[in-house]
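Note sheet for the following structure.
Being a predicted model, the structure only gives us computed values, none of them experimental. What's counted below: heavy atoms across the whole structure, side chains too, no hydrogens, waters or symmetry copies. As the structure lists them, so they are numbered: ligands from 1, and atoms in each ligand from 1. Numbering of residues begins at 1 and proceeds along the displayed sequence.
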Amino acid sequence: MLANNNGTIEKRAREDRFQGHDYYNIDELLSEEHLLARDAVRDWVKKEVSPVIEAYAEKAECPTHLFKGLAEIGAFGPSLPVEYGGGGMDEIAYGVIMQELERGDSGIRSMASVQGSLVMYPIFKFGSEEQKRKYLPKLGSGDFIGCFGLTEPDHGSNPGGMITNIKDDGDAYILNGAKMWITNSPVADLAVVWAKDEEGKIRGMVVEKDTPGFSAPEIHGKWSLRASITGELVFEDVRVPKENVFPEIRGLKGPLSCLSKARYGIAWGAIGAAMDCYDSALRYSLEREQFGKPIGGFQLTQKKLAEMITEITKAQLLAWRLGTLANKGKATPAQISMAKRNNVNMALEIAREARQIHGGMGITNEYPVMRHMMNLETVLTYEGTHDIHLLITGMDVTGLNAFK
Ligand code: TGC
Ligand code: FAD
């Protein structure tokens, strides 16, 4: 047992023995900066995340104390400029950082994805100079926590149908509506919110926590991403000062371009979850004996492990190539969709196979695989579902739009 009856969180006794896996010497494709960033985050995850994550997941509590540490290791906006609170690194550095965080837990990676790619990035990309100066340094340092409100109760895969709206009222807009499934919303100091104006055009804005009429109730009962906090955003005649609205951007391409940034990070992150499951399964298969020999000696176990490392290697190459394209500003949204879809599905399949290799122990919190497996069910759905990304690829290769 990890969670006490008195509500405190105990540290996990089991040592985190994770080792990275690099079957195709992909490290040779990474720079010294990439390797340093990756190893620093790997060490931080071993020290700060692994000892507590099972207990937080079991209690369905978010380890909010980790926000500050995430800021210190540069996990918020690694590829955004330093002067705006980012890390000033490239897209591959951003990718390997997400990989290591999700190796710890998809919910921890989510904390960083939302803050960096869905809150800091839109303010950086679409905000006025005043908005950037006011919010970005505090978001980068973890003094402010942000969330991103796009999804609504009746508009998930089809955000263009949103009904949350703003009406002009002199020096402010009046915001009404509701957002659903919003990561970090109950603990956020501010929300980046997307709403339709009176012409029906989608606009983005920053809504601060204490604004009258704004609330963010928590959603309970999740069996997935339990160490991440999720909530609603409710707006009842909320006065949003005009200076909080992004000045230029109009239309769905605003929020969708933020999603491209976050989906890219997830394509890398999922490799981390897959590697942790493979790493645990490989070790277990060598230590666990049945019929007088290690279960890793049976052909059926070897088939599982061989297929896992093959799929991980393919996903690593896909992510690395996507990163080199992103560094040149050439990664298309459809290429990002392909990598998000492939790599998350790969990780989920590996988590299921790894769970089988662990036998009965695989369903317990002695091993990380069941937690990763449950988390990945969310990762398969958020930031565009598995099937939505397939249809984006289908549209790209045929030129025919299945959504309309
Ligand atoms: P459509 O007409 O295709 O596009 C509208 C405009 O947007 C442009 N566009 C993009 N721009 C940048 N990046 C992308 N990925 C883009 N995709 C499209 C497009 O070119 C067009 O521009 P313009 O200039 O012509 O106006 O829009 P549609 O209404 O037909 O929708 C297409 C569809 C279904 C692909 C899109 O709506 C979609 O991706 N749906 C999935 C929704 C989604 O991913 N929601 C995620 C919510 S946030 C979240 O889950 C955070 S989880 C965070 C965590 O905890 O980690
Ligand atoms: P729906 O859109 O109702 O889809 C249900 C099913 O129908 C899916 O299988 C889907 O693939 C399928 N479907 C839909 N349309 C089509 C079609 N045209 N063709 C074929 N199949 C289709 N959103 C945010 O804005 N911010 C957040 O921070 C955020 N965090 C989240 C955290 C968690 C834990 C979860 C679970 C979700 C989060 N989301 C967030 C919302 C997430 O992006 C949506 O759940 C997702 O986009 C899918 O929307 P939906 O759940 O309404 O499903």
Side-chain angles (χ1 to χ4, degrees), residues 60 62 98 101-102 105-119 121-122 125-126 145-162 164 178-188 191-195 201-202 204 216 218-233 249-267 269-270 331-341 344 374-396 400-404:
C62 177
M98 295 302 122
L101 291 179
E102 193 143 3
D105 190 79
S106 302
I108 304 296
R109 197 266 308 134
S110 259
M111 288 160 82
S113 292
V114 170
Q115 182 87 346
S117 299
L118 296 180
V119 178
Y121 177 74
K125 182 87 179 156
F126 306 124
I145 301 306
C147 66
F148 176 88
L150 179 66
T151 305
E152 299 189 351
D154 294 329
H155 301 93
S157 297
N158 177 27
M162 69 172 67
T164 298
K179 299 288 177 180
M180 178 82 173
W181 296 118
I182 308 303
T183 299
N184 293 345
S185 78
V187 296
V192 168
V193 178
W194 302 92
K201 298 218 165 83
I202 294 173
E218 185 173 349
I219 294 172
H220 294 282
K222 294 185 305 181
W223 288 119
S224 173
L225 225 65
R226 286 168 65 83
S228 166
I229 187 162
T230 317
E232 299 170 49
L233 298 173
I249 187 73
R250 305 278 187 287
L252 201 53
K253 64 176 177 294
L256 288 181
S257 59
C258 309
L259 293 182
S260 283
K261 191 94 180 150
R263 290 166 178 173
Y264 168 84
I266 291 174
T332 66
Q335 287 170 333
I336 294 170
S337 282
M338 180 186 281
K340 189 268 183 184
R341 178 177 186 272
V344 176
M374 294 193 298
N375 284 342
L376 288 162
E377 290 291 347
T378 285
V379 185
L380 197 75
T381 288
Y382 70 21
E383 301 269 9
T385 70
H386 187 64
D387 286 345
I388 291 297
H389 288 297
L390 175 124
L391 294 175
I392 291 171
T393 306
M395 177 161 58
D396 202 43
L400 304 172
N401 187 339
F403 298 111
K404 304 213 159 126

Considering only non-hydrogen protein atoms, determine which one is nearest to [atom] and report residue, atom name and distance to 0.1 Å.
atom	result
atom 4 (O) of ligand 1	L256 CD1, 4.2 Å
atom 40 (N) of ligand 1	S157 O, 2.9 Å
atom 31 (O) of ligand 1	L252 CD2, 4.1 Å
atom 3 (O) of ligand 1	K404 NZ, 4.6 Å
atom 8 (C) of ligand 1	K253 CB, 3.7 Å

Identify, by atom number and element, the atoms of ligand 1 in contact range of [X], meaning under 4.0 Å from any of its heavy atoms.
X	answer
G156	42 (C)
S110	54 (C), 55 (O), 56 (O)
S260	13 (N), 14 (C), 15 (N)
I392	35 (C)
P159	37 (O), 40 (N), 42 (C)
L259	43 (C), 44 (O), 45 (N), 46 (C), 48 (S)
S257	12 (C), 13 (N)
R109	56 (O)

Once you restrict both partners to nitrogen or oxygen, which atoms of ligand 2 have a protein partner under 3.5 Å, and how far apart are they?
unit_1, atom_1, unit_2, atom_2, d
ligand 2, 2 (O), S157, N, 2.9
ligand 2, 2 (O), S157, OG, 2.6
ligand 2, 11 (O), T385, OG1, 2.7
ligand 2, 23 (N), T151, OG1, 2.7
ligand 2, 25 (O), L150, N, 3.0
ligand 2, 25 (O), T151, N, 2.9
ligand 2, 25 (O), T151, OG1, 3.1
ligand 2, 26 (N), F148, O, 2.9
ligand 2, 28 (O), T183, N, 3.0
ligand 2, 30 (N), W181, O, 2.7
ligand 2, 30 (N), T183, OG1, 2.9
ligand 2, 39 (N), W181, O, 3.1

Nearest protein heavy atom to atom 50 (O) of ligand 1: under 4.0 Å?
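At least one protein heavy atom is under 4.0 Å away.
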
So which atom in K179 and which in V193 form the shortest heavy-atom distance, rounded to 0.1 Å?
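So the two residues come closest at CE-CG1, 4.3 Å.
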
Among T230, L225, N375, exactly one meets side-chain contact (heavy atoms from CB on, under 4.5 Å) together with S110. Which residue is that?
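Result for side-chain contact (heavy atoms from CB on, under 4.5 Å) with S110: L225.
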
Any idea which part of L225 is under 4.0 Å from ligand 1, heavy-atom wise: side chain, backbone, both or neither?
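Under 4.0 Å from ligand 1, L225 contributes no heavy atoms.
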
What pairs with S185 under side-chain contact (heavy atoms from CB on, under 4.5 Å), at least two apart in sequence or on another chain?
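Scan of S185 (side-chain contact (heavy atoms from CB on, under 4.5 Å), adjacent residues dropped) gives C147, I182, A216, L233.
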
